[in-house]
Amino acid sequence: MSGFYRASLIKLFLICLTAVLLRITEGYFVVVMVIVGCVAALFGRNSLALGCYFILPLFAVANPVILPISGIYIVVERIGFVVFTIVFLLRGRDSGRQRIPILSIFIYLFCAVFSSMNGYMPQISYLKILNMAFFVIGLYMVGTKISHHEKIAIFMREFVFAIVVLIVFGSLFTLLVPHAAYYVSVSSVLRTEGVAAADQILSDRMNGLFCGIVYQSQALAPILVCIFVWIVCDFIVIQRGRGVLHIILIFIMPYLMYLTRSRTALLSLFVGILMILIYFLPRVNLSRKLKKRAISYVITGFICLVTAGIIMEMRGNGLTKWIRKVDDVQADDRSMTEAFTASRLGRIEECLYDFRKNPLLGMGFQVNMWTPIDYRNGDVSLLSAPVEKGFVPAMILGEGGIVGAIAFVLFLLIFYHKCALKQYHITIVMFTVYLSTNLAEATIFSPGGVGGILWIICLFGGFILDMTQKGILQASVMLVYPNSMSNHESAIGYNRV
């Protein structure tokens, strides 16, 4: 086993141990996590601090059957982001020149302050803006540490890989426990149709939505897409086409995506593959031989996916049933576009209704028309008021109006321009895939849950690989695992200091 895999498995064990402690304490162990992380940051133990910081959103979206936690976790998690950021600010910014150009998102957040003044619930919107602002500042501060300290970047690559292994194999093993693997479908059917219908879900699993180790399929699907693209980029850039565990993960993840029945995940997967082929591989710093091999791997994988889809369609319209989410294709008279968008039209209409109420500024950041009612009924609080948004362009218009839409586009232009100038090609690929996952379930402004995980995987996972690919970390090549490294690991600058 290579040194990288060994180090990643150690971190996987620690993450699992943390999950066990959270389960035993019903989530209250999160207080210890935040305290340990802040103390570690104050004393310069940056790797431990970042591990505690980045693990917070992971457990917030855990499957309740596997990890039942109380509401205190969400509250402490949000407070934790604020405290961590303050501690990072007190420690000061590192002098590394390589930084993620994420601060331009404050252009949109600044507009959101004004759009929320006359919104549905300004107090909730302002707290969410503050939460997002602290999260972004924290990400920026961590980015400077990653580029300035080689061992932190190496630690984070191991950490992200450990999260990937946990999500993939953990979700795969839940298939042995169907009531956990299909928790959302089973619990929903139990409430509405009774035990017999729930048993039918468990016996005929294609009528259910696979959620694995997270709380719903629409959370698992975008996570799987993003970690799939990250693993492929890591396999190409760092592993140079080597690594058995990488190959196993790459083969398993499309199957898990299929089980979620998420059409947006399928679209995002193709976006990721096209970005790798068209944008990333022509620009990556690889030898001609390695580049040809990487292109052949990606094209072969793409052909395999297309072939699998064709075989499914030939065997009883399997692909059409999967896309339409029906058992009888002939009885479904909707067009393919209607079938694809039907589940999100209600959310889109809500956002467009907010836009029509105030076309210039919208109706407030991360709230909707139901938020005041839910607040009066006690279903949400000032510190925890989740809101489900659909199509991200409609969300931007509904929350920020025309001014907010212009601000958001400006943020994207600045971000992509600066990333292109600094040659953060993998970061561009990962962030584009992340944006594509927001076409059905907008998570970009939800740092406390799925959005937090995806920000970490896409923004920092991509940034770490960019740093390695650019050669910034290659100066400390031979120091990591001198007795256990393969020649390949030595050649790519895998070290520890």
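These numbers come from the heavy atoms of this one structure, side chains and all, not from hydrogens, waters or symmetry mates. Quick caveat: nothing in here was measured; it's all calculated off a predicted structure.
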Inset, instruction - Please confirm whether the backbone N or O of Glu399 pairs with a side-chain atom of Ser115, one donor and one acceptor, at under 3.5 Å? - result: yes
Legend entry - Heavy-atom check, side chain of Arg78 versus side chain of Phe134, under 4.5 Å: no
Inset, instruction - Kindly indicate, with the supporting measurements, whether the criterion side-chain contact (heavy atoms from CB on, under 4.5 Å) is fulfilled by Leu305 and Leu269. - result: CA-CA 10 Å; Leu305 289 174; Leu269 178 62; 3.8 Å; yes
Inset, instruction - With the side chain counted from C-beta on, respond yes when Asp234 and Arg157 share a heavy-atom pair under 4.5 Å apart, and no when they do not. - result: yes
Legend entry - Non-hydrogen side-chain atoms of Met121 and Tyr126 separated by less than 4.5 Å: no
Legend entry - Ile453 CD1 to Ile223 CD1 distance, which is reported to the nearest 0.5 Å: 4.0 Å
Inset, instruction - Determine whether Glu350 and Met369 make a side-chain contact, defined as any pair of heavy atoms from C-beta on separated by less than 4.5 Å. - result: yes
Legend entry - Salt-bridge contact Asp466-Lys422 (side-chain N to carboxylate O under 4.0 Å): no
Inset, instruction - Quick one: closest heavy-atom pair of Gly243 and Tyr5, and the distance? - result: CA-OH, 3.2 Å
Inset, instruction - Indicate yes or no for a side-chain donor-acceptor contact from Glu158 to the backbone of Ala7 under 3.5 Å, with no hydrogens or angles considered. - result: no
Inset, instruction - Kindly indicate, with the supporting measurements, whether the criterion side-chain hydrogen bond (donor to acceptor under 3.5 Å, both in side chains) is fulfilled by Ser125 and Tyr120. - result: CA-CA 9 Å; Ser125 291; Tyr120 289 116; over 6 Å; no
Legend entry - Where Pro57 and Gly449 come nearest, the two heavy atoms and their spacing: CB-O, 3.6 Å
Inset, instruction - Please assess Ile273 against Val271 for the test side-chain contact (heavy atoms from CB on, under 4.5 Å), listing each intermediate value before the final yes or no. - result: CA-CA 6 Å; Ile273 293 174; Val271 168; over 6 Å; no
Inset, instruction - Flag the pair Phe460 / Phe54 as yes when their ring centroid distance falls below 6.0 Å, and as no otherwise. - result: yes
Legend entry - Centroid separation Phe81 to Phe84 less than 6.0 Å: no
Inset, instruction - Answer whether the closest heavy-atom distance between the side chains of Cys52 and Val34 falls below 4.5 Å. - result: no
Legend entry - For Tyr53 against Thr85, the heavy-atom pair lying closest together: OH-OG1, 4.4 Å
Inset, instruction - Spell out, as yes or no, whether a donor-acceptor pair under 3.5 Å connects the side chain of Lys357 to the backbone of Met363. - result: no
Inset, instruction - Just do the side-chain contact (heavy atoms from CB on, under 4.5 Å) check on Thr437 and Cys226 with the steps written out, would you? - result: CA-CA 9 Å; Thr437 65; Cys226 292; 4.3 Å; yes
Legend entry - Side chains of Thr371 and Asn368, donor plus acceptor under 3.5 Å: yes
Inset, instruction - Would you indicate whether Lys291, at its atom NZ, is surrounded by more than 12 heavy atoms from other residues, nucleotides or ligands within a distance under 6.0 Å? - result: yes
Legend entry - Lys128 vs Phe445 side-chain heavy atoms within contact, under 4.5 Å: no
Inset, instruction - If the plane angle is over 60° it's perpendicular, under 30° parallel, otherwise tilted; pick one for Phe161 and Trp230. - result: tilted
Legend entry - Closest contact, heavy atoms only, Ala112 versus Ser116: O-OG, 2.8 Å
Inset, instruction - Please state whether the rings of Tyr73 and Phe59 are parallel, tilted or perpendicular, taking 30° and 60° as the class boundaries. - result: perpendicular
Legend entry - Pairwise distance OG(Ser262) to CD(Gln218) - rounded to 0.5 angstrom: 4.5 Å
Inset, instruction - Using a 4.5 Å cut-off on heavy atoms from C-beta on, say whether the side chain of Leu361 contacts that of Asn118. - result: no
Legend entry - Value rounded to 0.5 Å, distance of OG in Ser104 from CZ in Phe408: 10.0 Å
Legend entry - Side chains of Ser268 and Ser436, donor plus acceptor under 3.5 Å: yes
Inset, instruction - Would you sort out whether Phe29 and Arg23 count as a side-chain contact (heavy atoms from CB on, under 4.5 Å), showing the intermediate values? - result: CA-CA 9 Å; Phe29 187 71; Arg23 181 180 175 90; over 6 Å; no
Legend entry - Considering all heavy atoms, the nearest Ala49-Ala40 contact: N-CB, 3.9 Å
Legend entry - Backbone N/O of Ala219 and side chain of Gln216: donor-acceptor pair under 3.5 Å: no
Legend entry - Distance in Å, Ile231 CD1 paired with Leu245 CG, rounded so as to fall on 0.5 Å steps: 7.5 Å
Inset, instruction - Answer yes or no: are there more than 12 heavy-atom neighbours, outside Arg356 itself, under 6.0 Å from its atom CZ? - result: yes
Inset, instruction - Assess the pair Tyr434 and Trp455: is the distance between their ring centroids shorter than 6.0 Å? - result: yes
Inset, instruction - Enter the distance from Phe463:CZ to Tyr424:OH here, rounded to the nearest 0.5 Å. - result: 4.5 Å
Legend entry - Asn438 side chain to Thr443 backbone, donor-acceptor under 3.5 Å: yes
Legend entry - Exceeds 12 heavy-atom contacts within 6.0 angstrom, atom CD of Gln123: yes
Legend entry - ring-ring contact (aromatic ring centres under 6.0 Å, His included) partner of Phe110, chosen from Phe114, Tyr108, Phe106: Phe114
Inset, instruction - Taking the side chain as every heavy atom from C-beta outward, state whether Cys211 and Tyr215 have any pair of such atoms under 4.5 Å apart. - result: no
Inset, instruction - Would you give the length of the straight line joining atom CD of Glu77 to atom CE of Met33, rounded to the nearest 0.5 angstrom? - result: 9.0 Å
Legend entry - For Leu103 against Val136, the heavy-atom pair lying closest together: CD2-CG1, 4.2 Å
